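Proteins come first, then strands; the chains are lettered A, B, ... in the order of their sequence lines, and each starts at number 1. In this text, all values refer to a predicted model and were calculated from it rather than measured experimentally. Atoms considered below: every heavy atom in the structure, side chains included; atoms not considered: hydrogens, waters and symmetry mates.
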2 protein chains.
Amino acid sequence: MGNPTGGLSERKKLILKAVVEAHIEGGEPVGSKSIVQSNLLSCSSATIRNEMAELEQLGYLEQPHTSAGRVPSELGYRFYVDSLVEQYANTTRDIARINQLLRSKMSELDQILETASKLASSLTNYTGIAIKPKISSVTMAKIELVSIDSFNFAMVMITSGGTVKTKKVKTPMPYEADALTQLSEILNLQICGLGADMITLPIIMQLENDMADNAFLVNPAIKAVYEVMNELDGGELRYSGLNRLLDYPEYADTQHLSSLLGTLEDQDEILELVSDPLRDDINVLIGSESPVKVMNNSAIVFKPIKKNGRTVGVIGVIGPRRMDYKKVLKTIDEIGVSISDIIDGERALKQGEDNGGEDDGGNE
Amino acid sequence: MGNPTGGLSERKKLILKAVVEAHIEGGEPVGSKSIVQSNLLSCSSATIRNEMAELEQLGYLEQPHTSAGRVPSELGYRFYVDSLVEQYANTTRDIARINQLLRSKMSELDQILETASKLASSLTNYTGIAIKPKISSVTMAKIELVSIDSFNFAMVMITSGGTVKTKKVKTPMPYEADALTQLSEILNLQICGLGADMITLPIIMQLENDMADNAFLVNPAIKAVYEVMNELDGGELRYSGLNRLLDYPEYADTQHLSSLLGTLEDQDEILELVSDPLRDDINVLIGSESPVKVMNNSAIVFKPIKKNGRTVGVIGVIGPRRMDYKKVLKTIDEIGVSISDIIDGERALKQGEDNGGEDDGGNE
DNA sequence: TTTAGCACTTGACTCTAAAGAGTGCTAAAA
DNA sequence: TTTTAGCACTCTTTAGAGTCAAGTGCTAAA
């Protein structure tokens, strides 16, 4: 009815917020009376009832059955989360504690991510997710190039594991038939056997140098190789605190829980979901916002971990749709920042190691 | 009373077997009548009742409540499993199928074990376990030796990851102070940077040679190094088909399921359980036979996978105490044999590879 | 030693009634 | 015009009573 922000009156927002938080807290439908008791508003239960009826019509609330209280709809949660974003972003971070815990787990990114996931799980009481990169296990065994037209060719890549993958490559300018042969030779010679983490700028420059006039083919080709490696590599998905799911009546239904567990285990689906983040920062998928259909009653919050601009892992949590978003957003963000700090610090250390050899006996 | 094998009359054995199998099948207490109907015995329900009462007194059966049928006790299952061993061992193995499936997953032991676990889970409909070795990730960065007395010294080992571990080492004969210094030097020079899989007999012999008169110190020291590496390495525990637990009413209790899931996730406890196999071959732990107390209502069947006499992995399944042991024992055994075949085949290949370099482009 | 028969126990299930929570609506109050 | 009090109505949850069926233990006969 013609209101400034979000089309909802301030009072409606307050009521919505109260319903969401009460429901997150208790898990049960929220009645008008209990909202009055929370003393956030100074009006009677009847007024609240009227407002709630309107909020329901607007799609922010739902009613399990006629004589029950209201439950937030997906839209309701979404509104809540969106209006929350500024709030949590401004929270003073007590990273120190998290930082310390993670740091104590030392260098290995693997371990840090796994610990972070456990930490996220125990701090929020939902199930933690960690995706650890699994670099360097996949290498190319053979690369075949097939010309499509003068602007496109297909790359057929056979990995060390025997998997065959094809990628279509578009070139920035037309190429000669010879160029493909040349590229193929050079790729097979230089790239095969290298893991994703070994294909660095110097190597790419070397390739471009070797290709001379046809250097323009190198970049798109390498990109394709890189993509395939990352696809196959996939990374490894780990959960912690799966049992915490059982703390929520949402998962009391055996059928539902079973199919959720099954889906979580089948890493591919979740990996895909989490590997293509809409935003670079924290992502919140509520219910059917997630493409995975068994997660329609769940929510997932995750954040990619970056190192030198490249995503090297993901941490997050999975829980019921009525997740304590405030707490979760804050926690995941803090942990994410903490990890970034640590691996940035580590980077410097690693480089020193690479040059200077193996003397890290500093702590004796 | 006073019978040849196992102290049970043939008829009691038959009845016990019938009860166990009926209970495995249906999950519910088994009454005397249903046993008569199975036509395995030619006597009346009253006789069965009498026998069952005796079997209960002997501890092989239990009664949930007065007017219910009987359920096998732990001892009952144990008897059943033990008397089963010969049976399943003689089963003609249709390894071929399993073999093929596993082989199609190619070389990596990791993948084979993971696939095997999935296979075990889907064939038996229980939760599959796989322990993958995680060799070579841990190496020693620095080793310090501290003399305790002339028969004992402490080894302080700092790993590449920065973890510090101490082991007390007892020597077979007294040593001189110089010997420790010498040993320390040699260890730091020769062992540091090597993964567990790199410390082979030739290297140990080399060490002993270098130590000359004090060669007797090498063996216990290396053993300590090895132990620490394996501790830290740990191996990685993976489950597949966790959701299958939910197929069994035994895990309908949320509390119970939750604590089981929690325990399974805390890898250490299960790793310890499974890494110290009583028998080299298939192990069956029924209920409280397992030292892990939340598994008192569960059973675990597992088999170590050996390569050159060294355990390189474990596969198995976890399920309710009324597990279909016949099927599980057979399946796990078959899969185990199959994996052994494959990795023995792979060994030859690997060796060739190590010598000849990196040309595995055989599959083009 | 086995079997038939019977009384008894006990959990599972069904049905009903009552309780409780919460709503929507109406009419009065602000 | 908005808010509030009051009330009838709806729907779920809970408790209790009664019935049912399964299965036992025991006794007496075969």
Asks: Of the listed nucleotides (dT3(C), dG11(C), dG25(D)), which one gets closest to any side-chain atom of Cys43(B)?
Replies: dT3(C)
Asks: Does any donor atom in the side chain of Ser121(A) or Arg244(A) lie under 3.5 Å from an acceptor atom in the other side chain?
Replies: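 Checked: Ser121(A)/Arg244(A) side chains pair up, N/O donor to acceptor below 3.5 Å.
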Asks: Does dA17(C) pair with anything, Watson-Crick or G-U wobble, both distances under 3.5 Å, and if so, with which nucleotide?
Replies: dT14(D)
Asks: Side chain of Ala46(A) only, please: which of dG24(C), dG25(D), dT4(D) is the nearest?
Replies: dT4(D)
Asks: Side chains of Thr254(B) and Tyr251(A): donor-acceptor distance under 3.5 Å anywhere?
Replies: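 Judged by distance alone, the side chains do not pair up.
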Asks: Ignoring hydrogens and geometry beyond distance, is the side chain of Ser67(B) in donor-acceptor contact with the base of dT10(C) at under 3.5 Å?
Replies: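 Under the 3.5 Å cut-off, the side chain and the base do form a donor-acceptor pair.
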Asks: With the side chain of Arg11(A) defined as its heavy atoms from C-beta on, choose the nearest nucleotide among dG24(C), dT3(D), dT24(D).
Replies: dT3(D)
Asks: Could you tell me the Watson-Crick or G-U partner of dT1(C), where both distances fall under 3.5 Å? Say none if there is no partner.
Replies: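 Paired with dT1(C), as far as the under-3.5 Å criterion goes, is dA30(D).
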Asks: Does Thr66(A) put a side-chain nitrogen or oxygen below 4.0 Å from OP1 or OP2 of dT10(D)?
Replies: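 For dT10(D), OP1/OP2 do not have a side-chain N/O of Thr66(A) under 4.0 Å.
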Asks: Please give, in whole Å, the distance from dT24(D) P to Glu51(B) CD?
Replies: 13 Å
Asks: Quick test of your reading of the model: are Arg321(A) and Glu250(A) salt-bridged, counting only N-O distances below 4.0 Å?
Replies: no
Asks: Could you state the CD-P distance from Glu28(A) to dG22(C), rounded to the nearest angstrom?
Replies: 9 Å
Asks: Thr331(B) versus Val317(B): any side-chain heavy-atom pair under 4.5 Å?
Replies: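 Not touching, per the 4.5 Å side-chain cut-off.
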Asks: Classify the ring geometry of Tyr60(A) against Phe79(A): parallel below 30°, tilted from 30° to 60°, perpendicular beyond 60°.
Replies: perpendicular
Asks: Roughly how far apart are Gln37(A) CD and Ser45(A) OG, rounded to 0.5 Å?
Replies: 9.5 Å
Asks: Starting from P on dT3(D), measure out to CD1 on Ile48(A) and report it in whole angstrom.
Replies: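 One finds 11 Å between P of dT3(D) and CD1 of Ile48(A), rounded.
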Asks: Counting the atoms with a prime plus P, OP1 and OP2 as sugar-phosphate, which does Ser32(B) contact under 4.0 Å by heavy atoms, base, sugar-phosphate, or nothing?
Replies: sugar-phosphate
Asks: Write out a two-atom table: protein N or O, nucleotide N or O from nucleotides 27-30 of chain D, distance below 3.5 Å.
Replies:
none

Asks: Between Gln37(B) (CD) and dA22(D) (C1'), how many Å, whole number?
Replies: 12 Å
Asks: Out of the candidates Arg70(A), Arg49(A), Lys12(A), only one should pair with Glu54(A) under the salt bridge (Lys or Arg N to Asp or Glu O under 4.0 Å) rule; please name it.
Replies: Lys12(A)
Asks: Side chain of Thr47(A), heavy atoms from C-beta onward: which of dT9(C), dT12(D), dT3(D) has the nearest atom to it?
Replies: dT3(D)
Asks: Which nucleotide, dG24(C), dT10(D), dG25(D), lies nearest any side-chain atom of Arg49(A)?
Replies: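 Out of dG24(C), dT10(D), dG25(D), the nucleotide with an atom closest to Arg49(A)'s side chain is dG24(C).
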Asks: Looking only at side-chain atoms of Ala53(B), point me to the closest of dT3(D), dT10(D), dG25(D).
Replies: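 Among dT3(D), dT10(D), dG25(D), the one nearest the side chain of Ala53(B) is dG25(D).
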Asks: dA21(D) C1' sits how many Å from Lys33(B) NZ, rounded?
Replies: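 Rounded to the whole Å, the gap is 10 Å.
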Asks: Keeping the roles fixed (side chain from Asn283(A), backbone from Asp281(A)), state whether a donor-acceptor pair exists under 3.5 Å.
Replies: yes
Asks: For Lys12(A) and dT2(D), what is the distance between atoms NZ and C1' respectively, to the nearest whole Å?
Replies: 12 Å
Asks: Give the rounded distance in Å between these two atoms: CE of Met52(B) and P of dA22(D).
Replies: 15 Å
Asks: Can you measure Ile35(B) atom CD1 to dT24(D) atom C1' for me and round it to whole angstrom units?
Replies: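 So the two atoms are 13 Å apart, to the nearest Å.
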